[in-house]
Every structure is written in structure tokens, then in C-alpha cells.
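Contents: one structure, followed by commentary.
One is the number of the first residue; the rest follow in order along the sequence. Please read all numbers here as calculations on a predicted model, not as lab measurements.
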Amino acid sequence: MTLLLRTLTVFATLGAADLAAAAELSLAANTTGKNVNFMREQLDLFEKQTGHKVNLVTMPPSSSEQFSQYRLWLAAGNKDVDVYQTDVIWAPQLADQFIDLTAATKDVVGDHFPSIIQSQTVNGKLVALPIFTDAPALYYRKDLLEKYGRTPPKTWDELAATAKEIQEKERAAGQADIWGFVFQANAYEGLTCNALEWIKSSSGGQIVEPDGTISVNNEMAAAAIDRAKEWIGTIAPEGVLAYQEEESRGVWQTGNAVFMRNWPYAYALGNGDDSAVKGKFEVMPLPTASDGEEPSSTLGGWNLAVSKYTDEQEAAIQLVKFLSSKTVQKARALQLSQLPTIASLYDDPDVAAAQPFMPNWKPIFESAVPRPSAVTKVKYNEVSSKFWSAVHNTLSGNGTAAENLELLEIDLTELKGDSW
């Protein structure tokens, strides 16, 4: 065999080996804000570095719809999706469908906030690796508050009063479309988050307590939901009953709201060149019922899990570690204003310069209230659905909060049975 022929044979063998090692993966991810564009850019980098190919399966922005689809795919043993972007609350419900990442991530897991790693650990099994954490805040138009000599509100009643005053005065001045406050009141998981914040910040508990006690049927919780009902049609449009995150952001970003409750992703978008409120707003912790209460923001966040049905487990783990890495989390913070789960990035000068609000957000999520997914386990989705339905009924005028919470307690007690 000539030298040339031997060389060609070696290259052909290496090429075949490389092709055999290259995997084709599919990642299911949500479509909120600019997440899809960012994810695709990162996947392109991953492909160049590894030779693997990654298809992006885009999911609806509603986390409730996303969860329902995931559950169907996983129950069917679907091999078409290798990696799933998962909500922080799904770990107990989907743990059996995902591989244990403990051994594969032992070199990086210590970089993340321990509480977030713990939220993704079920019976000692690390179900998913975090890519960003989340906790909502109150966005406010600093220019409008300054214009009317008002200070940022610390209580819900102060928010309502300030929102009403500025809304009325701005409308009188010709801003016919402006509203005082927008939030998420559609009947979906986002309403569970909003209403949990109203209740917890009013000393009304957290629906189901960490010891498993059903606590939601109490006077403080009912008062908190009734207070929110008074916002509908006064400082918030009737349409808020159908709003999710993006609808709220749409009203806010066009300059038609004084206050907005939303997650950190809306910060970068609100300061984009196409935003009517660029440079005109700030964020602060959500209000409380009274000065004595602690602000309550629902703990959110997204993670990546590897399906136990994948035929490309090694490559899938490689992808998860890449997308949760410090490099990608820094890029996510810079471009999408999403909060890192890696503690050292909060001291990164580039992050602080690009997102000056971010160091101030750290205490908001560190004291965030978790939804009762850990205690209610596989029943959480039903718990949340029953809760948001009771709240949505109240906000829509179908019964009082006290009536609906009493019925909710009966439903949850039946759902719990002997134990969660």
C-alpha cells in the first residue's frame, strides 16, 4: 500500500469515527421573550465545539401547556426529545422520567446556589441542572412617579392609590390608553404565582405549608384575593383576566402602564431600542399588605433535564453542562437579563455594568417563596390548577374569595387523602 493510500485510509477511518461519535439531539425549550433566539445562538456554538447537531423544539410560552405536553411525551417513552427545559416546580413530578445527573455534574454543581440545586434534587437524585433562576419584582415608571411627586409603594394599598392617581391624571392629559397596574391573571400557573405573592405577603400562608397542612382557607388569604379583585376594571384592565407574562409586558413596554409585576426577563426587553419605556423605569421588591410584612416573590427558574429514553445520553449530558455553564449563564444575564444560578456572576463587573439592577435582585430571589411542589409531590399540578381556578373565579366575580377558598379547601383535602 502506498503512503498516499495509507494516509487516505487513516483519514477515512478517523472521519467514520467522528461521524459515529457525533450525535443528533433535540432540545425542548420555551418561547418567552427572546429565549429561542438566544438558545439557538448557544446551540450553534455547541455544535461547532462538539460536532453534535441540536434541533430546537419550541414550546408554548404557557408553562402549564408546556408541562402537559412534556407529560404526554414522557409517558409515551418518547425518544424524539433528549433534553427538556423544565420549570423549577416540575422536579418532583417528572423525576422518574429523567436520568440522575449527580455523578456527571459533580465537578460543577458546587458553583450553583445550594438551595436551587436542592430544589432539583428528588430522593437524592439530581433531576435537572439550573440555567437561570427567577423571582418577580414590581416594575415602576420612575418618570411618572417623579412627575406627580409620588414615592415607590411599599404596600398593596399604596400601589393601588398611586396607580389610580397617575392613571386618572395621565388620562386627563390625553394618555387615554394608560392603566395603573398590569400583572398575570389568566387561569394558568402564572396566576398561582401572583396569588401566592398576594397571600404570603398578607400573612395568609402559602396554600399548603411545608408540613403538608392545607392552610389556604383563612381570612388573610381571602382578604388578599378580594383586594386584587378590586383592581380589575379600576387600575387594571378587564383584559388582565386573560394576561400572561407577554401580554402584560406588551402593555407595559408600549408605555401604557404605571406598574407591572413581571420576571427579570422583561428588564432587558424594556430597555431595548424599540421600547417606549427605555430608561424610564426601575424595579423594586413586590409590595406587602402592611409595613410589618416581608415582601414575597414566587421562586421561579428554569433547568435542563435529560430524558431517560434518550439514545444519546452522553451527548445530552454534555449539552446540559454547556448550557448551564458560567460562560452561557453570563451571556444569558447580559443579553436577556435573566438571573444566574452561579453565585460568582453576581460579582462579575461586566454583568454589573450591563445589568445594574441584578445585584439588587439577589436578595429578592434569596428570600423568595417556593410554590408547594416539594410537599405535594406528584399532586402539585392538580393543587395549582384548583388554586388558580378558585382565584380566577373570584377575580372574575364568580363568588367571593371566602366562598371559593372554602370550596378549595374541601377539594384539596379530598385530593390529599391520607397523605401527599
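Salt bridge absent: Glu158 and Arg150 never bring a charged side-chain N and a carboxylate O closer than 4.0 Å. In summary, Arg171 and Glu168 do not engage in a salt bridge, as defined by a charged side-chain N under 4.0 Å from a carboxylate O. The existence of a salt bridge linking Lys308 and Asp96 is excluded, since no basic side-chain nitrogen approaches an acidic carboxylate oxygen closer than 4.0 Å. Ion pairing of Lys79 with Asp311 is present here, as a side-chain N (NZ or NE/NH1/NH2) and a carboxylate O approach within less than 4.0 Å. In this structure, Arg249 does not pair ionically with Glu245, as no charged nitrogen and carboxylate oxygen lie closer than 4.0 Å. Salt-bridge check for Asp44 with Arg40: passed, with a basic side-chain N closer than 4.0 Å to an acidic carboxylate O. A salt bridge between Arg371 and Asp87 is present, with a side-chain N of the basic residue lying under 4.0 Å from a carboxylate O of the acidic one. Under a 4.0 Å N-O distance rule, the pair Lys326/Asp111 does not qualify as a salt bridge.
Between Phe46 and Phe322, the angle of the ring planes lies from 30° to 60°, which puts this pair in the tilted group. In this pair, Trp73 and Tyr84 present their aromatic rings tilted. The plane angle is within the 30 to 60° band. The aromatic rings of Phe281 and Trp252 sit perpendicular, their planes meeting at an angle over 60°, well past the 30° parallel limit.
In this structure, the side chain of Glu247 does not engage the main chain of Val240 through any donor-acceptor pair within 3.5 Å. The main-chain N or O of Glu209 is never found under 3.5 Å from a side-chain atom of Thr213 such that the two would form a donor-acceptor pair. A donor-acceptor pair under 3.5 Å links the side-chain atoms of Asp100 to the main chain of Leu126, judged by distance alone. At least one donor-acceptor pair under 3.5 Å links the side chain of Lys379 to the backbone N or O of Leu415. The main-chain N or O of Ser26 is found under 3.5 Å from a side-chain atom of Asp82 such that the two form a donor-acceptor pair. Using a distance-only test at 3.5 Å, with no hydrogens or angles considered, no donor-acceptor pair links the side chain of Asp177 to the main chain of Asn256. Formation of a donor-acceptor pair under 3.5 Å by the Ser297 side chain with backbone atoms of Ala137 is not found in this model.
The CD atom of Glu165 sits 11.0 Å away from atom CG of Leu144, with the distance rounded to the nearest 0.5 Å. One distance of note links OG of Ser337 with CH2 of Trp263; it measures 13.5 Å at 0.5 Å rounding. Atoms OG1 and CD, on Thr376 and Glu382 in that order, are 10.0 Å from each other to the nearest 0.5 Å. For the atom pair Glu403 CD and Leu408 CG, the distance stands at 13.5 Å (nearest 0.5 Å). To the nearest 0.5 Å, atoms OH (Tyr380) and CZ (Phe387) are separated by 9.0 Å. Taking OG1 of Thr151 as the start and OH of Tyr140 as the end, the distance is 9.5 Å to the nearest 0.5 Å.
None of Asn37, Val54, Val328 except one satisfies the side chain to side chain contact (heavy atoms under 4.5 Å, CB included) rule with Gln42; the exception is Val328. Screening Thr341, Thr133, Thr105 for a side chain to side chain donor-acceptor pair (under 3.5 Å) involving His112 leaves a single residue, Thr341.
Atom NZ of Lys34 has 12 or fewer heavy atoms from other residues, nucleotides or ligands within 6.0 Å. Atom CD of Glu219 sits in a sparse spot, with 12 or fewer heavy atoms from other residues, nucleotides or ligands closer than 6.0 Å. Other residues, nucleotides and ligands place more than 12 heavy atoms under 6.0 Å from the CG atom of Asp211. Around atom CD of Glu41, more than 12 heavy atoms belonging to other residues, nucleotides or ligands sit under 6.0 Å away.
Phe259 and Phe183 have their aromatic ring centers separated by at least 6.0 angstrom. Two rings, from Trp302 and Trp90, have their centers less than 6.0 Å apart. Side-chain rings of Phe365 and Trp361 stay apart, their centers remaining 6.0 Å or farther from each other.
Across Met59 and Tyr70, no two heavy atoms sit closer than the pair CE-CE1, 3.9 Å. In terms of heavy atoms, Ser396 sits closest to His392 at OG-O, 2.7 Å.
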* Dump the intermediate steps for side chain to side chain donor-acceptor pair (under 3.5 Å) on Asn262 and Ser248, then the final yes or no. => CA-CA 8 Å; Asn262 217 327; Ser248 304; 5.1 Å; no
* To do: Starting from the C-alpha separation in whole Å, work towards a yes-or-no answer on side chain to side chain contact (heavy atoms under 4.5 Å, CB included) for Leu345 and Met358.
  => CA-CA 10 Å; Leu345 285 172; Met358 201 165 276; over 6 Å; no
* Run the salt bridge (charged side-chain N to carboxylate O under 4.0 Å, His left out) check on Lys142 and Glu146 step by step: do they pass? -> CA-CA 6 Å; Lys142 62 180 180 181; Glu146 289 170 5; over 6 Å; no
* **Stepwise side chain to side chain contact (heavy atoms under 4.5 Å, CB included) test for Val36 and Leu56** => CA-CA 8 Å; Val36 170; Leu56 190 57; 3.8 Å; yes
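Between the side chains of Ser373 and Gln93, no donor-acceptor pair is found at a separation under 3.5 Å.
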